[in-house]
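Okay, structure first, notes after.
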Amino acid sequence: MNEKMPYYMAYPTPFSFDDERTERMDFEYLKSMYPEIPKRILPYVEEECDRMEYENSMVYDQYPDKLQLKMMCRRVCDNVRRHERLAEWSEAFDEEENEESAVSGAACSCRDGGCWRRGSEKGMLRDLVEVMLFQELYKRRCDHRRRCRRFY
């Protein structure tokens with residue numbers, strides 16, 4: 001009639017442990033749907049994030065240094081240019097650059113080894129790498145906060 005239930009059955013824990021696994025699977029699935037060029041760039045972004053992932057890294061600061069993030073982005077861009085042939089981009093943007101330089105009559109103003117003019121291959125590559133890098137850092141910072149949560 002009045003049977004006692006064990007404590008663990010009376011107050012079951014929510015399935016919060018399963019939420020992290022579901023989020024991770026969801027994230028991996030969405031990453032698999034990236035277009036071809038971001039898929040080819042992603043390993044370089046993850047490699048750079050792995051390299052910077054250590055205890056007390058600037059990546060985990062409350063406000064990461066903008067210069068350090070730009071340097072991370074530059075290293076990723078250099079690795080991508082060194083190891084990948086982005087022929088799809090260079091063909092499309094060669095035509096645009098030729099048209100723009102013919103109209104303006106001036107060469108591109110480059111600094112730090114990368115072209116910052118809007119619409120250029122290097123500028124678009126840098127923009128794409130920055131977005132991918134910041135998104136990957138955000139995910140890793142969330143995971144780090146979740147792991148290092150203190151319960152006191």
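Counting from 1, the numbers follow the sequence of the chain as shown.
Salt-bridge annotation for D78 and R81: present, with a side-chain N of the basic residue lying under 4.0 Å from a carboxylate O of the acidic one. The pair E23-R146 meets the salt-bridge criterion, with a side-chain N (NZ, NE, NH1 or NH2) lying under 4.0 Å from an Asp/Glu carboxylate O. Taking the charged nitrogens against the carboxylate oxygens, E28 and R24 have no contact shorter than 4.0 Å, which rules out a salt bridge. For E47 and R51, the salt-bridge test fails: no basic side-chain N is under 4.0 Å from an acidic carboxylate O. In this structure, D50 pairs ionically with R140, as a charged nitrogen and a carboxylate oxygen lie closer than 4.0 Å.
Within the model, atoms CD of Q68 and CG of D61 stand 10.0 Å from one another, a figure rounded to the nearest 0.5 Å. Separating the CD1 atom in I41 from the CD atom in E36 is a distance of 10.5 Å, to the nearest 0.5 Å. Atoms SG and CD, from C77 and E48 in turn, are 10.5 Å apart once rounded to the nearest 0.5 Å.
For Y54, the OH atom is densely surrounded, since the number of other residues' heavy atoms within 6.0 Å is greater than 12.
Looking at R75 and K70, their side chains never come closer than 4.5 Å, going by heavy atoms from C-beta outward. No side-chain heavy atom of M132 sits less than 4.5 Å from a side-chain heavy atom of K31. In this structure the side chain of I37 never reaches within 4.5 angstrom of the side chain of L125, judged on heavy atoms. Looking at R82 and N79, their side chains come closer than 4.5 Å, going by heavy atoms from C-beta outward.
Across all their heavy atoms, M58 and P64 have their closest contact at O-CB, 3.8 Å. The shortest non-hydrogen separation linking V45 to L133 is CG1-CA, 3.7 Å. Minimum interatomic distance between R141 and V59 (heavy atoms only, all atoms of both residues): NH1-O, 2.6 Å. Across all non-hydrogen atoms, the minimal contact from C49 to E136 is SG-CG, 3.6 Å.
Y34 and Y44 fall within a single hydrophobic cluster, where Ile, Leu, Val, Met, Phe, Trp and Tyr side chains are chained together by heavy-atom contacts under 4.5 Å.
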Original post:
What do the steps show when you test E53 against Y60 for side chain to side chain donor-acceptor pair (under 3.5 Å), and what is the final call?
Top reply: CA-CA 9 Å; E53 193 170 18; Y60 301 123; 3.0 Å; yes
